[in-house]
Amino acid sequence: MISVLLAMIWSRRGQAVTLAVLALIAVASAVAAPAYLLAVERAVAQGQIETAELDELRLVIRAANDYQVSAQSGEVVRITAAGTALDRMTGFSFVYSEEMPTLGLEPTNSYASRLVFRQDVCDHLVILTGRCVSGEGDVLLGEQSAERLKMRAGDTFVLRTARVDGRSQPPFWQPEGDPKTFTVAGTYRVPDPSEIYWGTHGYFISGPFIGPGEPLFTTDTSLNSIVRSTSLEAIDGIAAPGTLHIDRLDAVRAELAELESVTDAVPGLNLDTGIPQLFERIESGRAEARLLVPVLAVPLVLLACFSIYLTVGHGAEGRRDEIAVVALRGARWWTRWWLATGESLTAVLAGALAGCVAGQLLVNLVAASIFQGAGADPALSSLRYAPAATGIALAAALLAQRRPLFSPVSALLQRTTGGRRPIPVIEAVVVVLAVVAAVQLFLADGSLDGLGSFAPALVMLALALLAARAVLPLVSRYAGRALHRGRLGAGLAGLQLSRRPGAGRLFALLAASAAVAGYATCAVDTAAQVRDVEARLGTGAHRVITLERMPRRQLLDAVRRADPEGRFAMAVAELPTGGSAGVPGLAVDSARLPAVAYWTDSGPSAAEVAARLHPPAPERPSFAGDEIVAEVTTSEVASDRRLRLAIALSSKIGLGETVVEIGVLRNGPARYRQPLSFCAKGCWVNGIGISGLGRATETTGTVEVRGLNGISFGGWWAAQNAQVTNSPTLTVKANVRAAPSGTAWIRPPATADPLPLAVAGAGPPAGVLTSLGGDAIPTAAITRLPVVPVAGRNAVLMDLDLADRLAVDAQPAQAPQVWLGPRAPADVLQRLADQGLVASGDTSAAQVRERLDRQGPALALTFHVLAGILAALLGAGALVLTIAVDRGRRAGDLAALRAQGLPGRVVRRATLWTYPVLVGFAVVVGLLVGAATWWLTGWSLPLAGLTPPDLPVPGTPRPAILLAVAAAVLALFVAVALAGGRDLRKRAEKGPE
């Protein structure tokens, strides 16, 4: 029996090899999916590590001590408590630092000079004059501070440790320690303030009440010689290259957990690191990859098993004569069964065994070319689905041969399968499961778990089967009409398609193959478009420089000086969203918006928006002097109530904003004075604030401002809680509560009323904006946008100059940035630094795109490309086997007709165009099936990355890409069909042997 089986296989060795290849693809797909997941998980970890932010590659332990408090409690926080745990952090280099606030260098006590010891500091500085610090009393002075203070190497000065006096408004520093003389050893410049060595200590942040952003670097012996008031110790750990490697993640996680437990056990010892966020992002990427890979792995396995079912069944139909002869000779059932199924089962089993190896080898090959450096990390777990896939493939082969095995001899000897068509039980089950899976996916809001994870596979298969049921009767009807009209070639080809056994299943298989390739194209191309939108609109510009916090006016003026023509740079700040602000947004230098910002193709253009965001306005009232003098008459205030007056000012020279408290107003006329060195070189007046005292007590009264440092009153306005009368004096009828929320701010005409906004989404609640401090500012939506770059689809866009004019919060710009266009020069960072802008981050849209391309969703979708290729090969293999089975019987039929006088040209048409027409219809239907399945289920796939911004992203592929893939699949199928047609024509012309 074995020799007979081997002879059967050898006589039809082409069919056996093709069937083995189909089984190989089925099992290889089941092996490749988990193996590919392992490779993707490694690639995700590698990609996230290589594109990690600096904060995610370091850690810092801080210990803050107030020695006045420590003297009373007797407890000092020792940073050395973390020493043992730090020793176990392999692969990290550590930098020790300590700093304390001092007074004596600067001629002001509004901020303290930071006296800092940092290990190996001179290796990360450019020493401009003098030398590095070496002994007690040596300091390095910043370049700009040395120029401003007229100091050079060798000069001496006296420092004392200091403590902030929180009772003063604004807070001032008071000296506390004993004086100590220091010598300027040299002056320095920081070549790269964003270097990982500097950690997150903010040494180079400058601003009002902060200082120039140039600490005094000294030695540890100098710090130890000072009587401390307060100090901050820190140990920065920096991961060396290779420390956060794919194969060391678990070890680093365990070491970090031990370090956390140590710092948590010591009060006052704090651990700050972004490494857990990196680990979390890696795990999130892996989780999304686990969702995406099975989406097409499942239909690929089902398609392979369906192709086995089709080809084995078709082959069994072609061997009906052999099975009938065996049955006529009275063979026992097991002999009949073995001779009927052994040939197919042997080929399937051989292909399945080869598929176990081929699947892993295929993943290794793909991983080596796509995930370079990560590796595939083969494991036995990749084979966990191979037995199931093999069993399904064998079951499909057996199921396909059930009819020839159990049919009577008379039925086996018939050339056609006449009679009623069987009830489509399998098709009905597939359709029901597809409906249930799609409904579950919808009800679960796109959660790819349970039966919902099989929704794309089941929907594609169900639609392909339904399409086959619908198309073939139409082909049969067309063939009949063609015969009646004398078009014999078309008629014979149509009848061959519609009446041959298995033609419907072949059509469904080819359509499903094209659908899988189309669905993969939809996923891959849509995801690529989404990543492009996220990289462009999510970044905002070609390149974005993040700055240390600074006043709005300083940001605006510095960027304008760096790019006076407005060709490549734009100042940007976020609008705070805390409290009752309600809506995120951006404040931008709107005139530069068209030249710099990435913009959406829909809605108004950037130029149109920029032209309307900043209407012409008069200059703000201003004055210069070292004090502020207000002449005020207060009346109509109840005897048990009081009003308070404040002035919001903005420095003309970039020192920032401040709110000067004039004080509590007395009834009647009075003159109020406040010293104000802040405005010695000029200040703009942003507003006059009137508030009450107490918690929630309403206070009403009339305040007449007769004079304020010589500024004029006219056109001033109030948003709420006040009625304003402008004349030579400013008269305000106020109904206010306690500051700050109850303050009525009266603003000059240089500020817009209402504030023009470009609005995306619903806009600010109640049409007012509270992001600039003070009271609610009325707004007007001058245009509607589909999205505000970076901020999202529910956000606002305003002019930064107007934001500075309206600001009464005395706060620096939030998240200040400089957006750069593609025309930015190579030395743009130096140009910005020359204007006093300290960069803390540098991101480009290209870097964001690369980061997105290396996240879990993008890497997992490469499997969809592989699945699409394998699906097309499955369809081609099934077509090859079907043609090979059909050609013997079809050649005999056509040869007989040729002998009866059928013209040769009719034979050529009938042979050459039968299967090309079939695959043409199938690819078109498959393309529609894939697109319909994408419309039904594609929305549930996590294509947009791990933390997608709220942006309008594409939901459909580009038609040209989809059509190109369909054309490639069609070309493959047509090439196979034409080759089979030519062979059939030769056989028909040769005649029966």
Side-chain angles (χ1 to χ4, degrees), residues 41-62 79 82-83 85-97 118-121 123-124 190-205 234-260 262-263 269-286 371-374 539 544-548 829 838-844 846-856 859 945-947:
E41 289 182 359
R42 293 178 63 83
V44 166
Q46 182 191 39
Q48 294 308 302
I49 292 169
E50 292 180 354
T51 60
E53 301 287 347
L54 291 182
D55 287 344
E56 297 171 337
L57 301 176
R58 59 190 172 195
L59 58 89
V60 57
I61 298 175
R62 293 185 176 90
I79 201 167
L86 285 175
D87 291 340
R88 295 195 180 97
M89 297 291 296
T90 55
F92 282 79
S93 60
F94 297 99
V95 178
Y96 172 80
S97 65
R118 189 161 183 85
Q119 189 176 347
D120 301 326
V121 70
D123 295 339
H124 303 272
V190 184
D192 184 8
S194 62
E195 183 186 0
I196 192 172
Y197 165 82
W198 296 112
T200 56
H201 301 279
Y203 291 130
F204 312 113
I205 298 176
I235 297 179
D236 290 76
I238 303 170
T243 299
L244 297 176
H245 189 264
I246 309 169
D247 299 318
R248 291 202 72 252
L249 295 184
D250 292 336
V252 174
R253 187 181 286 108
E255 294 167 358
L256 192 60
E258 181 183 355
L259 183 59
E260 280 184 297
V262 170
T263 55
L269 202 61
N270 297 311
L271 171 65
D272 182 19
T273 177
I275 297 176
Q277 284 73 35
L278 174 61
F279 288 159
E280 182 179 348
R281 200 165 62 250
I282 290 174
E283 291 306 318
S284 298
R286 288 174 167 178
F371 310 140
Q372 297 180 5
T539 304
V544 174
I545 310 299
T546 304
L547 307 173
E548 303 289 359
L829 288 180
V838 179
S840 61
D842 186 352
T843 304
S844 68
Q847 290 173 331
V848 173
R849 178 59 191 267
E850 180 187 5
R851 202 173 298 142
L852 291 170
D853 288 342
R854 304 190 69 174
Q855 288 183 356
L859 295 176
L946 303 181
T947 55

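Between His124 and Val190 there is no side-chain heavy-atom pair separated by less than 4.5 Å. Contact annotation: the side chain of Asp123 never approaches that of Tyr197 to less than 4.5 Å [non-hydrogen atoms, C-beta and beyond]. At least one side-chain heavy atom of Ile61 sits less than 4.5 Å from a side-chain heavy atom of Ile79. For the pair Val252 and Phe279, the minimum side-chain heavy-atom distance is below 4.5 Å.
Classification of the Trp198-Phe204 ring pair by plane angle, with boundaries at 30° and 60°, yields perpendicular.
With sequence neighbours left out, Leu54 forms a side-chain contact (heavy atoms from CB on, under 4.5 Å) with Arg58, Ile196. Every side-chain contact (heavy atoms from CB on, under 4.5 Å) that Ile49 has, sequence neighbours left out, goes to Leu244, Leu249, Leu278, Ile282. The side-chain contact (heavy atoms from CB on, under 4.5 Å) check on Leu829 picks up Arg543, Ile545, Asp842, with sequence neighbours excluded. Thr51 meets the side-chain contact (heavy atoms from CB on, under 4.5 Å) test with Arg851, Arg854; sequence neighbours excluded. Applying the salt bridge (Lys or Arg N to Asp or Glu O under 4.0 Å) rule to Glu195 yields no partners; only residues at least two apart in sequence or on another chain are considered.
Counting all heavy atoms, side chain and backbone alike, Glu56 lies closest to Gly274 at CG-O, 3.5 Å. Ala52 and Leu57 get closest at one heavy-atom pair: CB-CD2, 4.0 Å. Of all heavy-atom pairs between Thr200 and Arg62, the closest is OG1-NH2, 2.9 Å. Between Gly199 and Arg118, the shortest heavy-atom distance links the atoms N-NH2, 4.2 Å. Closest approach of Ala839 and Pro193 over heavy atoms only: O-CB, 4.1 Å. Of all non-hydrogen atoms in Ala85 and Val262, the two that sit nearest each other are CB-CG2, 3.9 Å.
Going from atom CD of Glu255 over to atom CG of Leu86 covers 11.0 Å, rounded to the nearest 0.5 Å. If you take CZ on Phe92 and CD1 on Ile235, they are separated by 13.5 Å, rounding to the nearest 0.5 Å.
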With side-chain contact (heavy atoms from CB on, under 4.5 Å) as the criterion, how do Gln46 and Arg42 come out once you've worked through the C-alpha distance, each side chain's angles and the decisive distance to 0.1 Å? CA-CA 6 Å; Gln46 182 191 39; Arg42 293 178 63 83; over 6 Å; no
Tell me, with the steps shown, if Thr546 and Thr843 meet side-chain contact (heavy atoms from CB on, under 4.5 Å). CA-CA 8 Å; Thr546 304; Thr843 304; 5.6 Å; no
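The stretch residues 269-278 participates, sequence neighbours left out, in no side chain to side chain donor-acceptor pair (under 3.5 Å) pair at all.
Judged purely by atom type and a 3.5 angstrom limit, His245 uses its side chain to pair as donor or acceptor with the backbone of Asp247. For the pair Arg248 (side chain) and Thr243 (backbone), a donor-acceptor distance under 3.5 Å is present. Remark: side-chain polar atoms of Gln119 are paired, donor with acceptor, to backbone N or O of Tyr96 under 3.5 angstrom.
Around CD of Glu258, the count of heavy atoms belonging to other residues, nucleotides or ligands within 6.0 Å exceeds 12.
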